[in-house]
Amino acid sequence: MKELKLIYDLVNSPVEDINIWEKIVNVYSLSQDFDDFYRKINNISNKTSLLEVTNTEREEFLVKCFNIWKNNVLNLNSSQIDFLIKDQVVDNDFANLKDIFLTFGETNSIYNVKKILINPIIKHYFNNFFTKLNNGYFINSHIDILESSEYIFFLSININVNRLYSFLTHFIDVCNMNKLPFLFKYTEKNNSDETFTLYVSANNIKKYIDVLSIIRKEHFSIFGNTLEPDILMGRYKSWLGCGNRGSSIGFDYLESRSNLIFNSIDDIIYNHVINNFNLEINYKAGKLTLKEYICSAVAYDELNKLVNSETNGDIVRYYSINYNEINELREYLTDKLMQNIESVIRQYERLNNEKSVVVIALKNNRVLNISATTLMSAIRRLTPTLMHKDALLLEKLKTRIKNECTYLGIDPVKLCFDKKIIDNLFSEDDTMYRVFSKIGEMKRVINNIKYVSDMSEADEVSKEQRSTVTKAMKELDKIFSDADKRSIESLE
């Protein structure tokens, strides 16, 4: 397990990368609710390309895959076929495949492949090898590979679609050359964060990383426009996403991590706000307390919805005001909210549903219902400002996420892995596992110091404090880098 532990240590966990963390916080701050956050996180690194896959590329790849599958079947001996049937991997009619192939002859063109796929038995078993999904295709090299429970990790690359089939062809060729089985899915969608996802076992993950690295080195043009991996995946050397296949908590990988992070930030930011209503922040040319900002933001959002709403119709007709009075109405709403916003926000359970939590009376017996979503959106928008103002808030957030990871069965050191799987794999050498984990902890300390030292001059940190922290950070970085190298050398 030496190689796996080396890979584990080199994987960058998403919430420990300061650049990724800032992107996550920015997405969170602009989200209306979890569904909005999940959708934004899922699309954060997507970029739509005008280039598309040609039919020729697609057809050539299909012919290649069909012949790989066909040769695999033809190379099976009678004992192997009997075993597959007995083990219920295939049905009895699988034994007829060889004879069917002989009646059709060569399959070196898309015309011949499509012709042979008319046969229902051929089509059925080829679809197990080359499976069409709603969002792409699923391919495996051996008929029994789908039954394996060893393929617990994934490696992901976001290849630009106009280079996709060139990459897939090189990948399959290198795997066949090295007699490596493969199990992967791919999509032709040019705005996907997971164009290519390879499933691997603990024993062969290093081999596949080597294969992908070789292709990247020898055919770098394929990777020229490669986008970043999904923001919540672990990253191996920046270009390769990784994590556990599936999840120990019943959701898919991205949903489980998104849910964990969203709820953790929600709870920490909410509690920070209710305990600091009178904290002042810079806003435009002046200063506002958190309470004043929330009331002003909610009033602004509500009036924007009214003015732009198709369902509410004409604001002039419904609320009996003219457009010149909108600013006055905004001030009126702000003042009304200031009177009871603290007591409303402190009712956290009410902020977790869609029922109206504030009702404000207007003239002519009209009322304005302000939803929990609007209130929480205003609070979330404060997150980047609050984190920048209080460096300890970042540590509180990370501590909360770690605690939630432990509760949910996710690895608290590397968010992209499940704890049970990692513990089982590393139980043979728990001492070295703790060494690697400790090095990871020390690196995070350095990153947090960087976060403080990078604060702008406008923040409440003196030049002397910044200078001291920056100097200490450089010294610690050197010390722990040396320690990291020594630990790795001890494994070789």
Side-chain angles (χ1 to χ4, degrees), residues 1-21 149-157 180 183 194 197-213 216 228-249 253-254 256-257 260-261 398 401-406 408-447 477 480-492:
M1 291 296 170
K2 286 183 179 180
E3 291 179 337
L4 182 60
K5 290 171 182 174
L6 276 175
I7 292 168
Y8 175 86
D9 188 56
L10 291 172
V11 168
N12 204 3
S13 185
V15 295
E16 302 304 343
D17 184 312
I18 195 66
N19 293 323
I20 294 176
W21 178 249
S149 59
E150 296 179 358
Y151 289 76
I152 54 178
F153 298 110
F154 69 79
L155 301 172
S156 178
I157 305 176
L180 280 173
L183 177 66
E194 300 177 69
T197 302
L198 174 67
Y199 300 102
V200 299
S201 69
N203 292 326
N204 62 25
I205 186 170
K206 177 62 168 59
K207 294 177 183 178
Y208 289 109
I209 289 177
D210 289 343
V211 166
L212 295 172
S213 298
R216 187 170 185 267
E228 293 182 353
D230 186 276
I231 195 168
L232 292 185
M233 289 181 185
R235 299 191 183 196
Y236 180 83
K237 296 184 178 179
S238 77
W239 57 275
L240 186 60
C242 61
N244 276 134
R245 184 184 182 187
S247 172
S248 59
I249 54 178
Y253 176 89
L254 182 60
S256 63
R257 271 64 181 180
L260 161 66
I261 290 173
K398 289 185 177 181
I401 289 172
K402 281 185 181 180
N403 291 339
E404 288 298 303
C405 281
T406 302
L408 295 171
I410 296 173
D411 183 4
V413 179
K414 307 282 186 180
L415 186 72
C416 49
F417 298 117
D418 288 352
K419 189 175 186 300
K420 182 178 180 180
I421 291 174
I422 295 300
D423 285 349
N424 289 341
L425 291 173
F426 290 171
S427 60
E428 298 174 7
D429 191 358
D430 188 54
T431 301
M432 190 54 68
Y433 170 65
R434 289 198 300 268
V435 169
F436 278 125
S437 298
K438 193 63 179 176
I439 290 173
E441 296 276 358
M442 292 186 290
K443 285 180 177 178
R444 286 192 290 277
V445 171
I446 294 171
N447 284 334
D477 200 3
F480 295 137
S481 291
D482 292 341
D484 197 348
K485 290 177 183 176
R486 288 195 297 273
S487 297
I488 291 174
E489 288 171 357
S490 70
L491 290 176
E492 296 177 343

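Just so it is clear, the model here is predicted, and its values are computed rather than measured.
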*Could you give the distance from CD1 (I205) to CZ (F154), rounded to the nearest 0.5 Å?*
10.0 Å
_Taking the side chain as everything from C-beta on, heavy atoms only, tell me whether I20 gets closer than 4.5 Å to V15._
no
*E16 and K398 ion-paired at < 4.0 Å*: yes
*Indicate yes or no: at least one non-hydrogen side-chain atom of K414 is less than 4.5 angstrom from one of S13.*
yes
*Could you give the distance from CD1 (I231) to CG (D17), rounded to the nearest 0.5 Å?*
9.0 Å
*Might you point out which heavy atoms bring M233 and P14 nearest each other, and give the distance in Å?*
O-CD, 3.8 Å
*Measure the spacing between CG of L232 and CD1 of I261 and express it to the nearest 0.5 Å.*
4.5 Å
*Do L183 and L198 come within less than 4.5 Å of each other through their side chains, counting heavy atoms only?*
no
*I209 versus S213: any side-chain heavy-atom pair under 4.5 Å?*
yes
_ring pair (Phe, Tyr, Trp, His ring centres under 6.0 Å) involving Y199 - partner list, sequence neighbours excluded_ = F138
*Just jot down the ring pair (Phe, Tyr, Trp, His ring centres under 6.0 Å) partners of F417, sequence neighbours excluded, or say none.*
Y8, F153
*Between E404 and L260, which heavy-atom pair has the shortest distance, and what is it?*
CB-CD1, 3.1 Å
*Distance, nearest 0.5 Å, that separates CD1 of I410 from CG of D418*: 6.5 Å
*Taking side-chain contact (heavy atoms from CB on, under 4.5 Å) as the test, write out the residues that go with K207, two or more places apart.*
L180, N204
*Do NZ/NE/NH1/NH2 and the carboxylate oxygens of K5 and D9 come within less than 4.0 Å?*
no
*Validation row: D411, N244 side chains within 4.5 angstrom (heavy atoms)*: no
*Is any side-chain heavy atom of D230 closer than 4.5 Å to a side-chain heavy atom of S156?*
no
_Within this structure, what is the CZ-SG distance for the pair R235 and C416, rounded to the nearest 0.5 Å?_
11.0 Å
*Got a second to check how far I422's CD1 is from K420's NZ, nearest 0.5 Å?*
13.5 Å
*Partners passing side-chain contact (heavy atoms from CB on, under 4.5 Å) against K237 (at least two apart in sequence or in another chain)*: W239
